[in-house]
Amino acid sequence: MEHLRPTELADLPNEMLEEIFNFLEDPDDFLSVIGTCHRWNDIMAYKKTERLFAKVLPILQESNPFPLRTMLTARQINRKWKMGTDEQLELNPYGFQHQAYILEDTEQVTRLLTHANSLPQGANPFLGKYLGNISQDPGVYELFRQLIQQHGTPLKNILMGFTFNTFPHIELASILGGVPNVETLTILGYIQNLDAGGGADDHPLPPLPHLNSVGIIILGMPRENQEDTDDRFQRFVSYLLTAYGEQLSTFQCTKDMLTVDGIGELLPNITQPEFFIRRSTFNHNELQVLSHVGWRLHTLQISDFAIQLSPEFFVALNNFSETLEDLLIHVELEENFNADSLVIFPLLKKLELYINSELRSIPLGMKDKLMKLGGVAPNLEELDITLQNDTLCDVAWGMGMEVMSSLFKKLNWVKFHC
Amino acid sequence: MALVRVISSDGAAFLVSQRLAKRSGKLKTEIETFRKSSDNSEAQPEIRIVTIRAEILRLVLQWLQQHQNDPVLPANQNEQDGRGDAEMGQSQWDRDFLAPMDLGIVMELILAANHLEVKGLLDITCKLVESKITGRTVDEIRTAFKLKSDFKGNEEEQTRLENRWCVEN
């Protein structure tokens with residue numbers, strides 16, 4: 001008797017189809033399978049709550065974020081739920097378990113080291129794959145380094161804070177050697193604590209193929225030995241960015257970075273999606289550097305109350321006219337804010353305004369100024385307004401969400417913080 | 001009455017009034033895009049939704065039909081204005097609508113409501129799934145979602161041990 005050979009999936013028995021469909025890891029593929037026909041849906045119906053979880057969880061998170069304990073329970077249900085939950089923990093470590101992995105004192109880091117040592121081979125001591133050290137104690141820093149060297153392989157996101165003025169220089173090569181999978185590195189501290197040691201010759205930095213985001217947040221400049229500090233900062237930045245600058249797409253910094261010679265060449269690929277500049281009041285020279293550095297900024301956050309939104313300021317930003325989509329600025333409605341200035345950013349999708357006005361009476365023209373935004377930023381999708389006093393809040397509420405929404409065709413998020 | 005043909009991933013076609021369809025943010029955009037690109041203003045738009053099967057699409061349309069006179073909530077309505085709370089809009093009809101559903105179907109409805117941008121339906125389905133997870137034990141969740149543990153060897157114990165640091169801190 002001649003055996004028939006199935007030539008199409010439809011000819012296969014249910015058990016065999018189920019075997020095949022179980023190989024599809026991606027929830028989107030699973031959705032395509034159950035969406036193809038009744039039979040395939042019926043075969044896989046019993047797997048839906050397992051296979052769709054990773055796709056549903058981010059939507060649930062947006063609707064009403066789970067507390068950490070619920071996330072910890074969810075990752076104990078089965079492998080697919082664990083995978084889906086861990087993805088969310090990694091995407092937003094600050095939203096869940098952040099505090100547990102910010103090291104602050106010797107007792108805490110010693111306990112974490114003991115915990116990590118007690119885990120079975122292959123376990124991950126860092127849920128969210130995040131670890132931060134903000135302690136001012138050199139002893140904690142030494143234990144942090146040990147922790148990373150012994151257990152750092154799973155880490156994807158590390159923060160190193162050096163806020164103590166007399167801190168020894170960062171042994172960057174030694175720390176980064178322990179985190180071969182790191183994607184995000186943030187260094188936070190005083191300039192005088194950033195030291196390349198012997199630099200690239202004595203301490204070459206290890207390859208970190210997944211690193212795509214670096215932040216260097218400077219907390220303060222010393223008043224003494226300015227030249228020596230500038231020189232040291234220049235060497236440190238150049239040491240770090242010579243090794244990794246080309247592979248970075250995201251960079252966070254304070255405006256001090258604009259003083260580094262050749263910063264544009266050290267970071268040639270900062271094109272998207274984000275570039276932050278924080279704590280910055282730009283003077284004329286810095287604006288010149290910013291506008292000529294050659295980056296294609298998508299995101300600019302300038303969170304300084306004192307910044308002057310002068311015509312010069314906007315002219316300097318004109319180079320980002322074709323790329324800027326997300327802008328955060330502090331404004332004083334009665335003083336320095338003119339919505340017309342924003343017309344140079346036709347792609348602007350997200351605008352965050354911190355309105356600093358301290359007025360106790362309703363400022364004339366405030367409503368008109370805000371309403372003008374509809375005309376100058378037609379592509380706005382998110383408008384986030386933080387108001388400093390109750391009077392202004394009343395005015396904002398009086399304007400009504402629906403009125404605001406009607407001004408912006410694409411707007412789907414208006415948020416007032418009072 | 002202006003109509004639109006909405007076609008599911010498995011090929012079922014639903015003829016829906018444009019007024020009703022436009023209560024979905026996604027369908028509204030699709031209809032407007034069709035209008036702009038079509039020379040014939042009388043032509044009937046046809047929208048294919050490749051990620052939603054007929055049974056689920058029918059449930060979404062049924063929910064829209066029932067709620068056709070409700071105010072439309074913006075897709076990203078935040079909670080500060082008090083309208084983001086699903087319970088506010090949940091009627092007896094909604095409870096009866098969801099009651100017979102398997103949680104697998106509810107999860108498909110969440111994905112569909114999210115894709116089609118139907119805020120009210122998204123709220124009540126998310127709320128239902130969240131209520132079956134938050135505050136429940138591992139065994140209660142497995143029972144509600146008809147799940148079995150598929151951890152191998154010491155993986156389950158390892159997961160519990162990994163959690164311990166966050167539980168205790």
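All values below come from the heavy atoms of this structure, side chains included, with hydrogens, waters and symmetry mates left out. Just so it is clear, the structure is predicted and the values come from calculations on it, not from any experiment. Here is the naming used below: chain letters follow the sequence lines, and residue numbers restart at 1 for every chain.
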Spatial distance of atom NZ (K48(A)) from atom CG (D102(B)) [nearest 0.5 Å]: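 That separation rounds to 7.5 Å.
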Using every non-hydrogen atom in the two residues, find where [X] and [Y] come nearest and quote the distance to one decimal.
X       : Y       : answer
R164(B) : S118(A) : NH2-OG, 3.9 Å
E130(B) : S63(A)  : OE2-OG, 2.9 Å
P120(A) : Q158(B) : CG-CG, 4.0 Å

Under 3.5 Å side-chain donor-acceptor pair for K82(A) and T159(B): yes
Full working for side chain to side chain contact (heavy atoms under 4.5 Å, CB included) between F53(A) and M107(B): CA-CA 8 Å; F53(A) 180 71; M107(B) 286 165 93; 4.0 Å; yes
Atom group of [X] that falls short of 4.5 Å from chain A, counting heavy atoms:
X       : value
E162(B) : both
V129(B) : side chain
L147(B) : side chain
N154(B) : side chain
N163(B) : both
T29(B)  : neither

Chain B: which of [options] shares the most heavy-atom pairs with it under 4.5 Å?
options                         : value
L119(A), I59(A), T73(A), L68(A) : I59(A)
L52(A), L31(A), L60(A), I34(A)  : L60(A)
D28(A), I77(A), N41(A)          : I77(A)

Worked verdict on Q76(A) versus E156(B) for side chain to side chain contact (heavy atoms under 4.5 Å, CB included): CA-CA 7 Å; Q76(A) 293 183 78; E156(B) 188 157 1; 5.7 Å; no
Audit row: Q99(A), C166(B), side chain to side chain contact (heavy atoms under 4.5 Å, CB included) steps and yes/no: CA-CA 9 Å; Q99(A) 286 305 328; C166(B) 287; over 6 Å; no
Pairing of R111(A) and E168(B) as salt bridge, 4.0 angstrom limit: no
Greater than 12 external heavy atoms within 6.0 Å of E140(B)'s CD: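 More than 12 within 6.0 Å, yes.
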W81(A)/I133(B) under side chain to side chain contact (heavy atoms under 4.5 Å, CB included): CA gap, chis, key distance, verdict: CA-CA 12 Å; W81(A) 275 50; I133(B) 300 176; 4.0 Å; yes
Proximal component of W40(A), with respect to chain B [non-hydrogen, under 4.5 Å]: neither
Which portion of Q121(A) sits near chain B, non-hydrogen atoms under 4.5 angstrom: backbone
Pair W165(B) and F126(A), ring centroids less than 6.0 Å apart: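 No, the ring centres sit 6.0 Å or more apart.
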Option in L161(B), V167(B), L111(B) with maximal non-hydrogen atom pairs under 4.5 Å from chain A: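 Greatest number of close heavy-atom pairs with chain A: L111(B).
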Check: T36(A) main-chain N/O paired with R53(B) side-chain donor or acceptor under 3.5 Å: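 The answer is no, because no donor-acceptor pair under 3.5 Å joins these two groups.
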Sidechain-backbone polar pair: D150(B) side chain, R79(A) backbone, donor-acceptor under 3.5 Å: yes
